[in-house]
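Take a look at the structure below.
These numbers come from the heavy atoms of this one structure, side chains and all, not from hydrogens, waters or symmetry mates.
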Amino acid sequence: ARTRVADARDRLAELNKESLRREQEVSQWVDMDRPDLYDPAASERYFSKQPVRVLLRSIALAVPLTAFVARVLGDNFFGVEPQNRPKRARELQELISGYGPAVIKVG
């Protein structure tokens, strides 16, 4: 019987292959000589065909951010926000920087 670790490793390999395939697809609608140019219509066409991917990315962004907000609200509720402010600032910086350049640009 295969272990969960082996199954997870196989799934990760599949996701990496899928990621490479998607990068190749993206290069078809992004001018790689001018990646600073953005074509909203091309982006809409591409992502409208990827609803599961968009949903999963939305969840991946929302869950950690929601947890962060819950911690800040908890700090306020328990009256420890001033003491935890530097800690929460570092957490927020790590959270945002971990999301990648597209989210940082939007933010």
Atom pair CG (Leu56) and CG (Leu61), whose distance is rounded to the nearest 0.5 Å: 11.0 Å
Salt bridge or not between Lys17 and Glu14? Use side-chain N to carboxylate O under 4.0 Å. no
What pair of heavy atoms forms the shortest contact from Val54 to Phe47, and how long is it? CG2-O, 3.8 Å
I need the Gln93 CD to Glu91 CD distance, nearest 0.5 Å. 11.5 Å
Could you go step by step and tell me if Arg53 and Arg57 meet the side chain to side chain contact (heavy atoms under 4.5 Å, CB included) rule? CA-CA 6 Å; Arg53 182 177 181 209; Arg57 178 64 172 158; 5.6 Å; no
Starting from Val63, walk the hydrophobic network (Ile, Leu, Val, Met, Phe, Trp, Tyr; side-chain heavy atoms closer than 4.5 Å) and list everyone else you reach, by chain and number. Leu55, Ile59
NZ/Lys49 to CD/Glu44 distance, rounded to the nearest 0.5 angstrom? 11.0 Å
For Ser48 versus Pro51, what's the shortest heavy-atom pair and its separation? O-CD, 4.0 Å
Salt bridge (Lys or Arg N to Asp or Glu O under 4.0 Å) involving Glu94 - partner list, sequence neighbours excluded: none
What residues, two or more places apart in sequence or in another chain, satisfy salt bridge (Lys or Arg N to Asp or Glu O under 4.0 Å) together with Arg90? none
Measuring from atom CZ of Arg85 to atom CD of Gln83, what distance do you get when rounded to the nearest 0.5 angstrom? 10.0 Å
Test of understanding: clusters of I, L, V, M, F, W, Y form through side-chain heavy atoms closer than 4.5 Å, transitively. Do Val80 and Val72 belong to the same one? no
